[in-house]
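Chain A is the first sequence line, chain B the second, and so forth, proteins listed ahead of strands; every chain is numbered from 1. Please read these numbers as outputs of a predicted model, since none were measured by experiment.
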Amino acid sequence: MLPSRLATPTSPPAQVAYYFSRRLCHVPPVRMIRMSQRTLASLAHQLRNALAAMANNLELIRLNGASEESIKAIEKSILELRELAEEIERENTSPGRVPLPF
Amino acid sequence: MTTARPLSILLVDDHRDGADTLDMLLRLRGYETRVVYTPSAALAAAVEKMPDVLISDIGMPQLDGCELAQRIARLTGATPLMIAVTGYSQFRERCRLAGFDHFFLKPADPAEIVAALEAHAEKLESPEAERPQARSAEFASAH
C-alpha cells in the first residue's frame, strides 16, 4: 500500500522532504513496473541510502533547534519513504520470485 | 558520552552524504571520528591506527563490509566493536557470521547507534575491558 497523503509543510527543510516524497510517491505502483529483481533491490538500496542521510540530517537540524513542525513533517516523510522501500523489498521477494543471492 | 577518552571511530560508507552526516553527528557527540568512502581507504586507516569502533556499510564496490571486517582483523590481529549499517536487509545473517556486533538497516536511528557506542564505552571503562569471545551471543540488530 502506498503512503497516505501529507499535509503540505511550510518550513523550507520540510518542504524539500515533502517535494521528494511526493515525487517518489507519484511513481506508478511498483507492481506495475516491469523491473528485474536486481534493479528492484538496487532501487530499495538507493532509497535507503538517501533515507539514511535524511535521518542524520533530521537529527542535525533537531540539534540546531528546528521547529517541531519541521521535524514532524520530515519524520513523516522518512516513515513514508521507508514504507516505500519495504514495499519494494517485499515485491522483490514475493512468492514466485527467486530471492537475490545475497 | 560516558567515557573519559572519546571512542575513536572509523566510519566507512561509499554513500558520501550518509557517511558525512553521521560523521557530523558523532563529532557533535564528542566522538573522535575518521570517515572514508572506500573499503581500501578503511583498510589503510585501520592499519595506520586501530579504531575502537568500526562503523561500516556492507554493500560496497570492490570489497564488501564483511570482507573488510575480516581483513582488518587478519591484518591488525585485533577487532574493534563492529557496527554494520546497510541498505540491504538480506545481509543480517552474513554480518553476524562475519563478526559484526550490531546490525542497523538504513535509515538507522542515530540515537540507537549512539546507544551502542555508549554501551561499548562503558564496557571499555570497566575493569575487565576484554571483549567477550562469544560475539554471536551479543549480536544486536535494529529495524
Side-chain angles (χ1 to χ4, degrees), chain A residues 3 13 16-17 20-21 24 30 36-66 70-94 97-102, chain B residues 1 9 11-31 33 35 37 55-61 63-67 83-98 103-115 117 142-143:
Chain A
V16 171
F20 283 109
S21 68
L24 280 164
V30 174
S36 72
Q37 284 175 265
R38 189 163 295 280
T39 309
L40 279 177
S42 172
L43 181 64
H45 177 238
Q46 284 171 34
L47 187 51
R48 286 191 176 280
N49 266 334
L51 274 170
M54 201 167 162
N56 293 339
N57 275 318
L58 172 63
E59 189 65 17
L60 285 168
I61 67 163
R62 184 181 276 136
L63 292 172
N64 282 334
S70 315
I71 290 169
K72 280 197 175 135
I74 299 173
E75 275 174 348
K76 198 166 182 181
S77 298
I78 290 174
L79 188 66
E80 288 188 347
L81 291 172
R82 181 190 274 178
E83 283 171 4
L84 191 59
E86 284 166 3
E87 187 175 348
I88 293 168
E89 285 158 351
R90 269 198 304 277
E91 182 66 16
N92 186 39
T93 54
S94 60
R97 287 177 182 269
V98 180
L100 283 171
F102 52 66
Chain B
M1 233 170 74
I9 300 169
L11 180 56
V12 52
D13 194 332
D14 62 334
H15 188 260
R16 288 182 179 236
D17 287 347
D20 291 342
T21 49
L22 186 56
D23 177 47
M24 277 189 262
L25 271 175
L26 295 175
R27 279 175 188 273
L28 280 173
R29 295 271 186 173
Y31 294 106
T33 61
V35 61
Y37 309 109
I55 299 181
S56 179
D57 183 21
I58 302 300
M60 293 184 285
L63 190 70
D64 77 22
C66 293
E67 226 175 301
I83 300 177
V85 183
T86 177
Y88 289 111
S89 55
Q90 302 94 319
F91 284 145
R92 193 181 299 269
E93 182 60 12
R94 234 182 111 213
C95 287
R96 190 184 67 77
L97 294 173
F103 179 93
F104 292 97
L105 183 60
K106 290 178 181 175
D109 181 351
E112 289 182 19
I113 295 178
V114 169
L117 295 174
H143 308 298

Hey, is the main chain of B/Pro107 close enough, under 3.5 Å, to the side chain of A/Arg82 for a donor-acceptor pair?
-> yes
Tell me, for A/Ile78 versus chain B, whether the close heavy atoms (under 4.5 Å) come from the side chain, the backbone, both or neither.
-> side chain
So, for B/Gly87 and A/Arg48, which heavy atoms are closest and what is the spacing to 0.1 Å?
-> O-CD, 3.1 Å
Between B/His15 and A/Ala53, which heavy-atom pair has the shortest distance, and what is it?
->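 Looking at all heavy atoms of both residues, the closest pair is CE1-CB, 4.3 Å.
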Would you mind telling me which of A/Asn56, A/Leu51, A/Leu60 has the largest number of heavy-atom pairs within less than 4.5 Å of chain B?
->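 With the most close heavy-atom pairs to chain B, the winner is A/Asn56.
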In Å, rounded to the nearest 0.5 Å, how long is the span from [atom1] of [X] to [atom2] of [Y]?
X	Y	atom1	atom2	result
B/Ser89	A/Glu86	OG	CD	9.0 Å
B/Ile58	A/His45	CD1	NE2	10.0 Å
A/Met54	B/Thr21	CE	OG1	12.0 Å

So, the part of B/Leu28 with a heavy atom under 4.5 Å from chain A: the answer is side chain
Look at B/Ala19, B/Gly59, B/Ala111, B/Gly18 and state which one has the largest set of heavy-atom pairs under 4.5 Å with chain A.
->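 If we count pairs closer than 4.5 Å to chain A, B/Gly18 comes out on top.
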Should A/Asn57 and B/Asp17 count as side-chain neighbours, where that means a heavy-atom distance under 4.5 Å?
->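 A/Asn57 does not reach B/Asp17 side chain to side chain.
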